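First up is the structure itself, then whatever we jot down about it.
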Amino acid sequence: MSEEAFSLLHPGVKKALWTMRWKQLHPIQVEAIHHIVERDGHLIVCAQTAGGKTEAAFLPIVSKLASAPRDSVQAMYVGPLKALINDQFERLDRLCAHLDIPVHRWHGDVSASQKKALRDAPAGILLITPESLESNFINYGTHLKRIYRDLEFVVIDELHSFLSNVRGIHLRSLLARLSAATGRQPRVVGLSATLGDPLAARAFIAVDQPDTVAIVNDTGGTKEVRLGIRAYLQADPSADKPARLTPEESLKLANGMPSDSFESRSPANDERDELDEIAEDVLQAFSTGTNLVFGNAKQSLEILADRLHQLVRARHLPADPFMVHHGSLAKDLREETEEVLKSGRPATALCSSTLELGVDIGSVRAVGQLDPPWSVASTVQRLGRSGRREGQPAIMRMYVRDHSPHAGSGLSDLIFPHLLRAIAIVRLMVAKWLEPLDTDRMHLSTLVHQILSCLRQTGGMRADDLHRTLIVNGPFRNVAPPQFAQLLRDLGVAQLIEQMPQGELILAPGGEKLTASFDFYAAFQASEEYSVRHGTEEIGMLQSSLVPPVGENVILAGRRWRVDEIVVESKCVFVSVSRGGKPPKFQSSGGEIHSRIVQEMKAVLHDAAEPPYLDEPARLLLRAAQRTAEISGLLRSDVLIRPGVIQWFPWLGSRGLQTLSLYAESCKIEATTDAVSIRYRLPSQEAFCGHLQEIANSQRTPLELARLMPVKQFEKYDSLLCDDLLVAAIARDRLDVSGAVDAARETLQILNAAVATPSCPAAG
DNA sequence: GACCTGCTGCGGATTG
């Protein structure tokens, strides 16, 4: 054991370690002990799950608390999941068993009597969720100072899950308000498995002095990674005769063979589709050990699970190792899956991001990914779930589906954009690039939430006090004073707050009602869901937009169910077991993809070197995509000119494409976007260059463009805000004006140069 | 062409 660090611990902690038969301290624990015991300031501890992060923080914290107990919560642990809090509670309780330091937990599943016991005799360590901490402000605002008077430490677990999202801003606001209420600045210790952006993590903890936040990093050796991309073609439902070509046929087609020589084959009655082929491979590749197969959509995972169960039955296999795990499943079913994963028996969970963090499920042999992920960050996170054991590689098998070419295919489909995205993401992962965190958002909806919460907590505050608490000393730095004033006026108009004659703001009856409601505690938006019931058993939840009519089928928990009755009042769908019928199609909405990934897709299209991690179909489809790009002129120019239509590939992410489409609308030009291009209904290259010139010279402000957004409300309390504020937030948070303008200037320059050089004709 | 997370007090009846 590292004697020097060990000697810094309290005798009771040393005794607890002996009792628990600890042989030695991890290097991160040694470093953290020195930092917390001997120095001041905040700290971030980076190590993998089960890497001893919690002890790194709490061995020294408990040592400090043991020598000076107080009648106040002295250390607060904030965790993102109830299950995580329960895990950590048991570990901390064991550590503190002989130390006379009470360990409390507070979340939605903890009994009211246990919460009251903490309020009546606050002491020791409290484990809590952000929403339960919010309930302290809402319901016990006048007790805060007493309960947290001597708070010395705040430990934030899974820190990366709080960075740059609504829940993280909410947590920062609560911590700032706690400091305001108690007059204390506790030391913060962040725990994280993957930190792509250390500066953003430091700024989360100390926005004004990020450099003062120390980082302790687990310098584990580099891990062997085995990764493969498998490509599949699926029938394009928008085709006249939906059918599937083989990858070889697709390549011949790209090389100029007429499409009717393939389409006469018409395999429309072919019952096998690409998902059967994927299921076949999953069955082979994931039938031993503990594995996770991630998907992008819950419904697609359910459908794959259904196919796998069918395969296992049809083959009369002795065991079916496939289970599903996602946020819409009933708690019992999810816990059953977790138990089997922990048991070490062969098991493969088809899961959404529910198994990306937190709950420790032991050693994962391999990871699958159905459809290319949306971001490099989540790919890294998912890959990192496998190969935790010393000497074992991290393994990922990626299944990529693109539309099969047909007579009506557009160029955007013929370059197989999903395959390009998968390769682009792998290349960026190898290059160690990660999406930067967006720390610049206004978070107006969460600011509304916190204003109402402040007024509930205190009974009334002056506008300048609110401003100081939430904006100057809180996390909403990007909201300017006039915007804050406008926001208060909006809340007055909505009759949620009112002003007393002396100037103090208080909650109006509408605000009292809103803050007293059960769903006020969370700052994030939850979609409306229906409970799916089979008799008295709950199977899980289904988004209201996905509930099919009576008589049709849903797939949930990997099984098919027939909808017998829908009760709107109690939000229940009653189902019975079904074997036949078609599952519903899943809904589409908008994700967000970073420009860097789209630019890398272009590079993949131009790169003659073949990635070694592609299977044979993927190799053929990549060559077909490159050949199509060459023949169509896309390799020579991002702009393709056809009679009456200009198709531009600006190679921008979702924000950039959105911005270009708003520019078109502002110029009254008809334009449609797909995943990678924008098509303008314009008569000539001159007309298109004219539009590019307009964008390049545009005096239009981001605000004017944002005003054209068809939908302006995105978050929980956006409906309370006037258009002016929402437009300001959209301009800042959801557009990429400089990216769009740069792309327009660059493309204009290239087009003008091409016109000046006749030997290089425009494509088409 | 998306995913995930979270959560009252209070009154009244019943039981030991």
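So that the names make sense, note that chain A is the first sequence line, chain B the second, and so on, each numbered from 1. Quick caveat, the model's predicted, so the values are computed rather than measured.
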Test of understanding: with salt bridge (charged side-chain N to carboxylate O under 4.0 Å, His left out), list the residues that count as partners of [X], not counting sequence neighbours.
{"X": "A:Glu335", "answer": "A:Lys331"}
{"X": "A:Arg441", "answer": "A:Asp438, A:Asp733"}
{"X": "A:Asp306", "answer": "A:Arg560"}

Touch class at under 4.0 angstrom, heavy-atom based, for A:Ala523 against every strand present: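 No contact at all - A:Ala523 keeps every heavy atom at 4.0 Å or more from the nucleic acid.
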Rounded to whole angstrom units, what separation is found between the [atom1] atom of [X] and the [atom2] atom of [N]?
{"X": "A:Glu302", "N": "B:dC3", "atom1": "CD", "atom2": "P", "value": "12 Å"}
{"X": "A:Glu356", "N": "B:dC3", "atom1": "CD", "atom2": "P", "value": "13 Å"}
{"X": "A:Arg385", "N": "B:dC4", "atom1": "CZ", "atom2": "C1'", "value": "14 Å"}
{"X": "A:Asn296", "N": "B:dC4", "atom1": "CG", "atom2": "C1'", "value": "14 Å"}
{"X": "A:Leu329", "N": "B:dC3", "atom1": "CG", "atom2": "C1'", "value": "14 Å"}

Contacts of type ring-ring contact (aromatic ring centres under 6.0 Å, His included), residue A:Trp106, not counting sequence neighbours: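 Not a single residue meets the ring-ring contact (aromatic ring centres under 6.0 Å, His included) criterion with A:Trp106.
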Pairing residues for A:His326 by the ring-ring contact (aromatic ring centres under 6.0 Å, His included) criterion, not counting sequence neighbours: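 Residues passing ring-ring contact (aromatic ring centres under 6.0 Å, His included) with A:His326: none at all.
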Short side-chain donor-acceptor distance under 3.5 Å, A:Asp273 and A:Gln234: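 Their side chains do not contain a donor-acceptor pair, so the 3.5 Å distance test is not met.
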Nucleotide-resolved protein contact map, nucleotides 5-16 of chain B, B/S/- at heavy-atom distance under 4.0 Å: BBBBS-------
